[in-house]
Amino acid sequence: MPYIALAIGVAAVSTSAVLVKLTTAPSAVVAFYRLLFSALLILPYFLFRNLPELKAFSKKDWLFSSVAGVFLAVHFILWFESLKFTSVASSVVLVTLQPLFSFVGTYFFFKERISFTAVISSVIAIIGSVIISWGDFHVSGMALFGDILALAACAMVTAYLLFGQEVRKRHSLIAYTFIVYSFSAITLFIYCISLQYPLMSYPTEDWVYFLLLAIVPTLFGHSLFNWSLKWISTNAISVSILFEPVGAIILAYILLGETVILSQAIGGIVIVFGILVFAFEKQLKRLVKMRMAKSEKGQHFTIK
(Lines give C-alpha, C1' and ligand atoms only; values in the text may rest on other atoms or scores of the structure.)
Protein backbone atom coordinates (compact mmCIF):
# COMPACT_ATOMS: atom_id res chain seq x y z
CA MET A 1 0.00 0.00 0.00
CA PRO A 2 2.73 2.60 0.74
CA TYR A 3 4.16 2.11 -2.76
CA ILE A 4 0.74 2.49 -4.39
CA ALA A 5 0.36 5.71 -2.40
CA LEU A 6 3.77 6.84 -3.65
CA ALA A 7 2.75 6.26 -7.28
CA ILE A 8 -0.43 8.34 -6.82
CA GLY A 9 1.57 11.00 -4.97
CA VAL A 10 4.16 11.31 -7.72
CA ALA A 11 1.44 11.68 -10.38
CA ALA A 12 -0.26 14.34 -8.25
CA VAL A 13 2.86 16.43 -7.56
CA SER A 14 3.70 16.38 -11.28
CA THR A 15 0.91 18.94 -11.77
CA SER A 16 2.39 21.42 -9.30
CA ALA A 17 4.92 23.23 -11.51
CA VAL A 18 2.44 23.75 -14.35
CA LEU A 19 -0.27 25.08 -12.00
CA VAL A 20 2.23 27.53 -10.47
CA LYS A 21 3.30 28.70 -13.93
CA LEU A 22 -0.33 29.42 -14.80
CA THR A 23 -0.84 31.79 -11.84
CA THR A 24 -0.14 35.54 -11.91
CA ALA A 25 0.30 36.07 -8.14
CA PRO A 26 3.70 36.40 -6.39
CA SER A 27 5.34 33.08 -5.49
CA ALA A 28 4.92 33.56 -1.73
CA VAL A 29 1.21 34.33 -2.14
CA VAL A 30 0.68 31.21 -4.26
CA ALA A 31 2.49 29.14 -1.63
CA PHE A 32 0.49 30.74 1.20
CA TYR A 33 -2.90 29.96 -0.31
CA ARG A 34 -1.79 26.47 -1.29
CA LEU A 35 -0.93 25.64 2.34
CA LEU A 36 -3.84 27.62 3.83
CA PHE A 37 -6.44 25.88 1.67
CA SER A 38 -4.79 22.52 2.38
CA ALA A 39 -5.03 23.09 6.15
CA LEU A 40 -8.65 24.28 5.87
CA LEU A 41 -9.63 21.21 3.83
CA ILE A 42 -8.16 18.95 6.52
CA LEU A 43 -9.61 20.95 9.44
CA PRO A 44 -13.13 19.38 9.67
CA TYR A 45 -11.77 15.83 9.73
CA PHE A 46 -9.04 16.86 12.18
CA LEU A 47 -11.55 18.43 14.60
CA PHE A 48 -13.89 15.44 14.37
CA ARG A 49 -11.35 12.62 14.65
CA ASN A 50 -7.88 13.79 15.68
CA LEU A 51 -8.16 16.77 18.03
CA PRO A 52 -7.58 14.68 21.22
CA GLU A 53 -4.36 13.36 19.68
CA LEU A 54 -2.67 16.72 20.25
CA LYS A 55 -2.28 15.79 23.93
CA ALA A 56 0.06 12.99 22.88
CA PHE A 57 2.42 15.39 21.09
CA SER A 58 5.59 15.90 23.11
CA LYS A 59 7.57 19.16 23.12
CA LYS A 60 10.01 17.53 20.70
CA ASP A 61 7.12 16.54 18.38
CA TRP A 62 5.82 20.13 18.37
CA LEU A 63 9.31 21.48 17.72
CA PHE A 64 10.03 19.08 14.87
CA SER A 65 6.58 19.61 13.32
CA SER A 66 6.94 23.39 13.42
CA VAL A 67 10.46 23.27 11.98
CA ALA A 68 9.24 20.91 9.24
CA GLY A 69 6.47 23.41 8.44
CA VAL A 70 8.95 26.29 8.17
CA PHE A 71 11.21 24.26 5.86
CA LEU A 72 8.20 23.35 3.70
CA ALA A 73 7.24 27.03 3.44
CA VAL A 74 10.78 28.04 2.40
CA HIS A 75 10.84 25.18 -0.11
CA PHE A 76 7.69 26.46 -1.81
CA ILE A 77 8.93 30.07 -1.87
CA LEU A 78 12.24 29.10 -3.48
CA TRP A 79 10.80 26.58 -5.91
CA PHE A 80 7.88 28.74 -7.08
CA GLU A 81 10.31 31.62 -7.53
CA SER A 82 12.63 29.42 -9.60
CA LEU A 83 9.80 28.75 -12.06
CA LYS A 84 9.77 32.46 -12.93
CA PHE A 85 13.34 32.30 -14.20
CA THR A 86 13.86 28.83 -15.62
CA SER A 87 11.80 26.20 -17.42
CA VAL A 88 9.59 23.57 -15.82
CA ALA A 89 11.98 20.88 -17.10
CA SER A 90 15.10 22.35 -15.46
CA SER A 91 13.38 23.34 -12.22
CA VAL A 92 11.57 20.06 -11.64
CA VAL A 93 14.58 17.91 -12.55
CA LEU A 94 16.88 19.85 -10.21
CA VAL A 95 14.42 19.91 -7.33
CA THR A 96 14.22 16.09 -7.52
CA LEU A 97 17.88 15.78 -6.53
CA GLN A 98 16.43 15.11 -3.08
CA PRO A 99 18.10 11.70 -2.60
CA LEU A 100 21.53 13.38 -2.54
CA PHE A 101 20.48 15.74 0.23
CA SER A 102 18.51 12.92 1.84
CA PHE A 103 21.33 10.44 2.36
CA VAL A 104 23.63 13.22 3.58
CA GLY A 105 20.92 14.26 6.03
CA THR A 106 20.25 10.71 7.22
CA TYR A 107 24.01 10.25 7.70
CA PHE A 108 24.29 13.24 10.05
CA PHE A 109 20.91 12.93 11.80
CA PHE A 110 20.34 9.16 11.92
CA LYS A 111 23.93 7.89 11.53
CA GLU A 112 23.15 5.93 8.35
CA ARG A 113 26.35 4.99 6.58
CA ILE A 114 27.09 6.36 3.09
CA SER A 115 28.26 3.60 0.77
CA PHE A 116 30.73 3.88 -2.09
CA THR A 117 27.85 3.38 -4.54
CA ALA A 118 26.00 6.31 -2.98
CA VAL A 119 29.05 8.52 -3.50
CA ILE A 120 29.32 7.42 -7.14
CA SER A 121 25.61 8.01 -7.75
CA SER A 122 25.85 11.49 -6.23
CA VAL A 123 28.79 12.36 -8.48
CA ILE A 124 26.81 11.19 -11.54
CA ALA A 125 23.76 13.22 -10.48
CA ILE A 126 25.88 16.32 -9.84
CA ILE A 127 27.35 15.99 -13.34
CA GLY A 128 23.78 15.90 -14.68
CA SER A 129 22.85 19.07 -12.79
CA VAL A 130 25.99 20.79 -14.11
CA ILE A 131 24.97 19.86 -17.67
CA ILE A 132 21.51 21.37 -17.15
CA SER A 133 22.91 24.51 -15.52
CA TRP A 134 25.54 24.92 -18.22
CA GLY A 135 22.85 24.73 -20.91
CA ASP A 136 20.65 27.21 -19.06
CA PHE A 137 23.61 29.56 -18.62
CA HIS A 138 23.86 29.76 -22.41
CA VAL A 139 20.10 30.37 -22.59
CA SER A 140 20.25 33.24 -20.08
CA GLY A 141 21.85 34.17 -16.78
CA MET A 142 18.40 34.35 -15.20
CA ALA A 143 17.72 30.73 -16.16
CA LEU A 144 20.87 29.76 -14.25
CA PHE A 145 19.62 31.78 -11.26
CA GLY A 146 16.37 29.82 -11.43
CA ASP A 147 18.36 26.58 -11.37
CA ILE A 148 20.17 27.70 -8.19
CA LEU A 149 16.84 28.50 -6.53
CA ALA A 150 15.54 25.05 -7.50
CA LEU A 151 18.57 23.38 -5.90
CA ALA A 152 18.05 25.39 -2.71
CA ALA A 153 14.37 24.37 -2.73
CA CYS A 154 15.49 20.76 -3.05
CA ALA A 155 17.57 21.05 0.13
CA MET A 156 14.63 22.61 1.99
CA VAL A 157 12.11 19.89 1.10
CA THR A 158 14.60 17.21 2.16
CA ALA A 159 14.97 18.93 5.55
CA TYR A 160 11.16 19.02 5.80
CA LEU A 161 10.96 15.24 5.25
CA LEU A 162 13.81 14.49 7.64
CA PHE A 163 12.29 16.47 10.50
CA GLY A 164 8.90 14.89 9.90
CA GLN A 165 10.08 11.31 9.60
CA GLU A 166 10.24 10.51 13.32
CA VAL A 167 7.09 12.48 14.25
CA ARG A 168 5.03 10.80 11.53
CA LYS A 169 5.91 7.33 12.87
CA ARG A 170 4.35 8.21 16.23
CA HIS A 171 1.25 10.13 15.12
CA SER A 172 -1.57 9.95 12.59
CA LEU A 173 -1.34 11.44 9.12
CA ILE A 174 -4.16 13.96 9.66
CA ALA A 175 -2.80 15.33 12.94
CA TYR A 176 0.75 15.63 11.61
CA THR A 177 -0.11 17.17 8.24
CA PHE A 178 -2.59 19.64 9.75
CA ILE A 179 0.04 20.91 12.18
CA VAL A 180 2.78 21.10 9.53
CA TYR A 181 0.58 22.81 6.92
CA SER A 182 -0.68 25.25 9.55
CA PHE A 183 2.85 26.22 10.58
CA SER A 184 3.78 26.56 6.89
CA ALA A 185 0.76 28.79 6.22
CA ILE A 186 1.58 30.99 9.23
CA THR A 187 5.21 31.29 8.10
CA LEU A 188 4.14 32.25 4.59
CA PHE A 189 1.56 34.72 5.89
CA ILE A 190 4.22 36.52 7.95
CA TYR A 191 6.54 36.50 4.94
CA CYS A 192 3.88 37.97 2.62
CA ILE A 193 2.90 40.67 5.12
CA SER A 194 6.54 41.62 5.75
CA LEU A 195 7.10 42.10 2.01
CA GLN A 196 3.70 43.83 1.63
CA TYR A 197 2.39 41.42 -0.97
CA PRO A 198 -1.36 41.91 -1.60
CA LEU A 199 -3.38 38.90 -0.46
CA MET A 200 -6.56 39.73 -2.38
CA SER A 201 -7.61 41.19 -5.77
CA TYR A 202 -6.43 38.31 -7.93
CA PRO A 203 -8.32 37.05 -11.01
CA THR A 204 -10.76 34.17 -10.64
CA GLU A 205 -8.41 31.84 -12.49
CA ASP A 206 -5.74 32.33 -9.83
CA TRP A 207 -8.13 31.33 -7.05
CA VAL A 208 -8.99 28.17 -8.99
CA TYR A 209 -5.29 27.36 -9.34
CA PHE A 210 -4.72 28.05 -5.61
CA LEU A 211 -7.44 25.53 -4.75
CA LEU A 212 -6.18 22.97 -7.27
CA LEU A 213 -2.67 23.28 -5.82
CA ALA A 214 -4.11 22.52 -2.38
CA ILE A 215 -6.15 19.53 -3.53
CA VAL A 216 -3.99 17.77 -6.14
CA PRO A 217 -0.25 18.10 -5.45
CA THR A 218 -0.63 18.82 -1.70
CA LEU A 219 -3.40 16.57 -0.36
CA PHE A 220 -2.97 13.83 -2.98
CA GLY A 221 0.79 14.39 -3.25
CA HIS A 222 2.63 15.54 -0.13
CA SER A 223 0.03 14.12 2.25
CA LEU A 224 0.43 10.67 0.72
CA PHE A 225 4.20 11.02 1.06
CA ASN A 226 3.72 11.86 4.74
CA TRP A 227 1.38 8.87 5.12
CA SER A 228 4.07 6.63 3.58
CA LEU A 229 6.73 7.87 6.05
CA LYS A 230 5.23 5.59 8.69
CA TRP A 231 6.36 2.50 6.76
CA ILE A 232 9.15 3.55 4.41
CA SER A 233 12.16 5.83 4.72
CA THR A 234 12.78 9.36 3.46
CA ASN A 235 15.28 7.90 0.98
CA ALA A 236 12.64 5.71 -0.66
CA ILE A 237 10.27 8.64 -1.05
CA SER A 238 13.02 10.85 -2.43
CA VAL A 239 13.88 8.25 -5.06
CA SER A 240 10.24 7.84 -6.12
CA ILE A 241 9.91 11.60 -6.64
CA LEU A 242 12.55 11.25 -9.38
CA PHE A 243 9.76 10.29 -11.74
CA GLU A 244 7.93 13.59 -11.16
CA PRO A 245 9.83 15.40 -13.97
CA VAL A 246 8.44 13.00 -16.57
CA GLY A 247 4.85 13.98 -15.83
CA ALA A 248 5.70 17.65 -15.31
CA ILE A 249 7.57 17.96 -18.61
CA ILE A 250 4.73 16.28 -20.53
CA LEU A 251 2.15 18.62 -18.95
CA ALA A 252 4.38 21.65 -19.60
CA TYR A 253 4.65 20.65 -23.26
CA ILE A 254 0.88 20.18 -23.63
CA LEU A 255 -0.38 23.14 -21.55
CA LEU A 256 2.45 25.68 -21.74
CA GLY A 257 4.08 24.85 -25.05
CA GLU A 258 7.49 24.42 -23.41
CA THR A 259 10.07 22.35 -25.23
CA VAL A 260 13.05 20.51 -23.79
CA ILE A 261 16.49 21.60 -25.05
CA LEU A 262 19.28 19.07 -25.57
CA SER A 263 21.25 19.97 -22.42
CA GLN A 264 18.12 19.56 -20.27
CA ALA A 265 17.36 16.15 -21.79
CA ILE A 266 20.95 14.89 -21.37
CA GLY A 267 21.32 16.34 -17.88
CA GLY A 268 17.96 14.94 -16.78
CA ILE A 269 18.83 11.45 -18.03
CA VAL A 270 22.21 11.58 -16.26
CA ILE A 271 20.57 12.70 -12.98
CA VAL A 272 17.91 9.97 -13.10
CA PHE A 273 20.57 7.37 -13.94
CA GLY A 274 22.72 8.49 -11.02
CA ILE A 275 19.86 8.31 -8.52
CA LEU A 276 18.67 4.96 -9.87
CA VAL A 277 22.16 3.57 -9.25
CA PHE A 278 21.74 4.62 -5.64
CA ALA A 279 18.20 3.22 -5.43
CA PHE A 280 18.99 -0.18 -6.94
CA GLU A 281 22.06 -0.57 -4.73
CA LYS A 282 19.85 -0.22 -1.63
CA GLN A 283 17.26 -2.65 -3.05
CA LEU A 284 20.00 -5.16 -3.88
CA LYS A 285 21.31 -5.00 -0.31
CA ARG A 286 17.81 -5.64 1.02
CA LEU A 287 17.38 -8.68 -1.24
CA VAL A 288 20.74 -10.09 -0.14
CA LYS A 289 19.81 -9.64 3.54
CA MET A 290 16.46 -11.35 2.97
CA ARG A 291 18.14 -14.29 1.19
CA MET A 292 20.69 -14.61 3.99
CA ALA A 293 17.97 -14.50 6.64
CA LYS A 294 15.98 -17.23 4.85
CA SER A 295 19.06 -19.43 4.43
CA GLU A 296 19.91 -19.01 8.13
CA LYS A 297 16.37 -20.05 9.11
CA GLY A 298 16.72 -23.10 6.88
CA GLN A 299 20.03 -24.07 8.51
CA HIS A 300 18.57 -23.70 12.01
CA PHE A 301 15.64 -25.91 10.98
CA THR A 302 18.02 -28.59 9.66
CA ILE A 303 20.10 -28.60 12.86
CA LYS A 304 17.03 -29.06 15.04
Side-chain angles (χ1 to χ4, degrees), residues 6-35 37-38 72-98 128-129 132-133 135-136 139-140 142-158 160-161 184 188 205-206 208-225 237-238 240-261 263-265 267-268 271-272 275:
L6 278 183
I8 297 171
V10 170
V13 296
S14 297
T15 65
S16 183
V18 173
L19 290 171
V20 172
K21 277 271 194 180
L22 291 170
T23 63
T24 60
S27 302
V29 174
V30 178
F32 166 66
Y33 280 116
R34 172 175 178 170
L35 272 302
F37 288 162
S38 298
L72 182 61
V74 178
H75 159 71
F76 281 134
I77 293 171
L78 293 173
W79 184 38
F80 290 1
E81 198 67 24
S82 76
L83 290 165
K84 291 183 177 180
F85 300 102
T86 191
S87 66
V88 168
S90 292
S91 180
V92 176
V93 168
L94 291 171
V95 88
T96 50
L97 277 167
Q98 284 175 252
S129 65
I132 290 175
S133 299
D136 283 351
V139 172
S140 73
M142 297 311 293
L144 180 62
F145 177 65
D147 293 345
I148 295 170
L149 290 176
L151 282 171
C154 179
M156 293 298 104
V157 76
T158 305
Y160 148 69
L161 289 171
S184 286
L188 289 162
E205 291 82 1
D206 277 359
V208 173
Y209 296 138
F210 296 159
L211 187 59
L212 287 174
L213 281 165
I215 295 172
V216 183
T218 307
L219 295 183
F220 286 96
H222 287 275
S223 293
L224 286 178
F225 294 153
I237 293 174
S238 296
S240 70
I241 295 173
L242 278 173
F243 298 97
E244 177 189 348
V246 178
I249 291 170
I250 292 171
L251 288 173
Y253 174 78
I254 296 171
L255 300 176
L256 304 176
E258 286 192 4
T259 57
V260 180
I261 63 175
S263 61
Q264 291 171 334
I271 286 174
V272 172
I275 304 301

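Contacts of L224 classified as side-chain contact (heavy atoms from CB on, under 4.5 Å), with partners at least two apart in sequence or in another chain: A5, I8. Residues that satisfy the side-chain hydrogen bond (donor to acceptor under 3.5 Å, both in side chains) test with S82, not counting sequence neighbours, are S91. For A31, the side-chain contact (heavy atoms from CB on, under 4.5 Å) criterion is met by F76, F80, L188, not counting sequence neighbours. Listed by chain and residue number, nothing satisfies the side-chain contact (heavy atoms from CB on, under 4.5 Å) test with A11 (two or more places apart in sequence, or in another chain). With sequence neighbours excluded, no residue forms a ring-ring contact (aromatic ring centres under 6.0 Å, His included) with Y209. Residues that satisfy the ring-ring contact (aromatic ring centres under 6.0 Å, His included) test with Y33, not counting sequence neighbours, are F37, W207, F210.
Annotation for T15 and P217: closest pair OG1-CD, 3.8 Å, computed over non-hydrogen atoms. Looking at every heavy atom in both residues, T218 comes nearest to S38 through CG2-OG, 3.1 Å.
Contact check for L72 versus L35: side-chain heavy atoms found under the 4.5 Å cut-off.
Distance check: L19 CG to R34 CZ gives 8.5 Å after rounding to the nearest 0.5 Å. Rounded to the nearest 0.5 Å, atoms CG (L212) and OG1 (T23) are 11.5 Å apart. Taking CG from L213 and CG from L219, the interatomic distance works out to 11.0 Å, rounded to the nearest 0.5 Å. Atom NZ of K84 is separated from atom CG of L149 by 11.0 Å, given to the nearest 0.5 angstrom. Taken from CG in L83 to CG in L22, the straight-line distance is 11.0 Å, to the nearest 0.5 Å. The distance from atom CD1 of I148 to atom CG of L78, rounded to the nearest 0.5 Å, is 12.0 Å.
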Query - Full working for side chain to side chain contact (heavy atoms under 4.5 Å, CB included) between S184 and Y160 - result: CA-CA 11 Å; S184 286; Y160 148 69; over 6 Å; no
